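Presented below is the structure to which this report refers.
So that the names make sense, note that chain A is the first sequence line, chain B the second, and so on, each numbered from 1. Keep in mind that this is a model prediction, so the values were computed, not measured.
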Amino acid sequence: MLEGVFADPRLWQIVALSLAVSLSAVALATLIAMPLGAAIAVARFPGRQALIVVLNALMGLPPVVVGLFIYLLLSRAGPLGELGLLFTPAAMVIAQTVLVLPIIAALTRQSVEDAWQEYREQLRSLGVDGWRAALTVLWDIRFSLLTAVLAGLGRASAEVGAVMIVGGNIDGVTRVMTTTIALETSKGDLPLALGLGMVLIAVVLALNAAAHLVKEAAQRRHG
Amino acid sequence: MGMIRAFLAALLCVSFAANAQQRFITVASTTSTEQSGLFKHLLPAFESKTGIQVRVVALGTGQALDMGRRGDADVVFVHARPLEEKFVADGYGVQRQGVMYNDFILVGPKSDPAKVAGSKEILEAFTKIRSARAPFASRGDKSGTHFAEVELWKAAGVDIARDKGPWYRETGSGMGPTLNTASGMNAYALTDRGTWLSFKNRGELVVAVEGDRRLFNQYGVILVNPAKHPHVKKEMGRAFIDWLLSREGQDAIAAYKIGGEQLFFPNAGE
Amino acid sequence: MILPLRVAGLSFAAGGRAIIDRVSIDIEAGPSTIILGANGAGKSVLMRLMHGLLQPTAGRVEWSAPAVRRQQAMVFQRPVMLRRSALANVIYALEAAGLRGTGTERAAMQALDEVGLAHVAQRPARVLSGGEQQRLALARAWALHPEVLFLDEPTANLDPGATREIETVIKAFDAAGTKIVMSTHSLGQARRLGDEVIFLHQGRVAERAPVERFFPQPASAEAAAFVKGELPWA
């Protein structure tokens, strides 16, 4: 019975959509969060410690709360209703980006801050300060930042609360792995739900393995 | 790294663009209707005929109507007549029209602690369950099913809000999860026949009471009022509603069966 | 010309302790200056104060012209290299100083050549040996042709062979006209590389003299004890 499921093209369409949404969200979040985390690591300003505490706490943002918040923003009755983004994959990407951003920013901040001790004096001696210094360190430690990205990817591909609310779990449009598993569970088809769960875990594992190999190869080339 | 980003951007554009070009309407309906499998059976016929994609967001009846009020749906398709009529009276919907009905059934453990199995009298069954304090799983989620259940308690003379004890479990969730809970707890539960027929985790639950006219569950369809929400796709929404009420749509509804059993009985115009 | 550098009443305290205590010296162009002292005498802190990496708690560090970054460079005890090729590290420093365009790669190769690292230009800087990395740091500092080159115990972590290589490069830079200001606790190194010695003891300048006068017979008691090897860690 389960073999029939794996042969069903609709399953792979759902897997493809899940990957498209989560990878897009992680890419978008990384673009914003990494420079942000690096800047916080390097700069000194009043309230910095409080900001770090808040950023760390935001790693624990409940997905369903983020989903609700984005839903209220994107609803026709809300401020961004005109965009007509609700119940589309774009809305799911937005929600997951918000969810994942603090994770990547907080972990980047920690990594950059740890490395900053080593680089600080030399960079200042060369006259490199502020943004330039933060980005230099960020690029230099890029291999160890992969972990932050994978943490974000793990969170995005595993969550169901946010994508369910802003996506609506519409068959063929916004149905992803996690919402399908939730649906099959609530229909009582537990073996199917479990099988889909295994597929999801296998896909994420494969992504992590691929990332690891890419990192190892690149590290060998660049020291 | 840059190559990967480019690939992702392309993937994004392709999948989202494909969706954006489609002509579609958003229909707010209920989880029980979706989980019965009706839409999977019904919608392809409409889509191939008109080229309009029907995107169903399945929530509880209360949430579906809220979606209509907010303007996040073009059409509302639920089963709680008084709530639907209020929706129209408040100006959020254009007109309510009956489409089909199915029925609720009472399921319960094979051991039947309240001794109600085989009866055709739902009110009597409810009273017996209350007296025996037999475990009962309720959806408790503003859904059409929940609404019907509350009305039945009222009609049976039970003030459920006051009389509920540890025997009465409100799950606050959809029909499927509630049945999961009932199955796990060996409790009675009121469910629509459609969800029951496709439900695979029955455990020791069996049908206890069915056939009472009071268990009749009428579905209505409403176009969200474009006067209140100008962006509503009124032509396409109207096309969908007209199709549901047409001979073709009604026949398609009647043709849907699970294990040879018909789930929904078309009754437009009655 | 940013030299001479005038240091007046310079003090630096941390954790309640005075690490540099009212140091007043003038660093003139020309002779290579060795800052000599035991560990903990304050050499590194003094170098950083002069280079501008630390702010003094009292006193002034005054260059004779508004100092642009590239006119003074510093080589640290532990070289910090970016995760890229040796050549790219030098180019980074040139670009940080505002130099761009076709000339930078050539200038960077030239600097590598000066220190004998042209053959490892494309190798990742981080896989080079300690001595090679320190030579790379020298190339990077020198590529900008600074007026003043600060060196903070540059060979403290290196073996004798690598130390010799570094000293050769420093002598070459000195001969080319760069002002050398170097801290060390090695008497031999001070004698080999220095023209004058500033002896630092517990954050104060105990003595300042040309190398020929200092080493046979230091004038101050602390310096004499140091040279004799009797000074305990400060």
Residues 114-122 of chain A: residues contacting chain C (heavy atom under 4.5 Å, by number)
A/E118, A/Y119, A/E121, A/Q122

Which region of C/R140, side chain (C-beta onward) or backbone (N, CA, C, O), has a non-hydrogen atom less than 4.5 Å from a non-hydrogen atom of chain A, or is it both or neither?
side chain

Does atom CD of C/E105 have more than 12 heavy-atom neighbours, drawn from other residues, nucleotides or ligands, at distances under 6.0 Å?
no

Closest approach of C/M81 to A/D140 (non-hydrogen atoms, all atoms of both residues)
O-OD2, 4.0 Å

Atom CZ of residue position C/R100 - does it have more than 12 heavy atoms of other residues, nucleotides or ligands inside 6.0 Å?
yes

Looking at A/R48, I want to see if its CZ is surrounded by more than 12 non-hydrogen atoms of other residues, nucleotides or ligands under 6.0 Å.
yes

Using heavy-atom distances under 4.5 Å, tell me whether C/R123 contacts chain A through its side chain, its backbone, both, or neither.
neither

Surrounding CZ of A/R132 (heavy atoms of other residues, nucleotides or ligands, distance under 6.0 Å), is the total greater than 12?
yes

What is the distance from atom OG of A/S125 to atom CZ of C/F76, rounded to the nearest 0.5 Å?
4.5 Å

Would you mind listing every ring pair (Phe, Tyr, Trp, His ring centres under 6.0 Å) that reaches into residues 120-144 of chain C, with sequence neighbours excluded?
C/W142-C/H145, C/W142-C/F173

Should we count CZ of C/R84 as having more than 12 external heavy atoms under 6.0 Å?
yes

Approximate separation, where rounding is to 0.5 Å, of A/T136 OG1 and C/Y92 OH:
2.5 Å

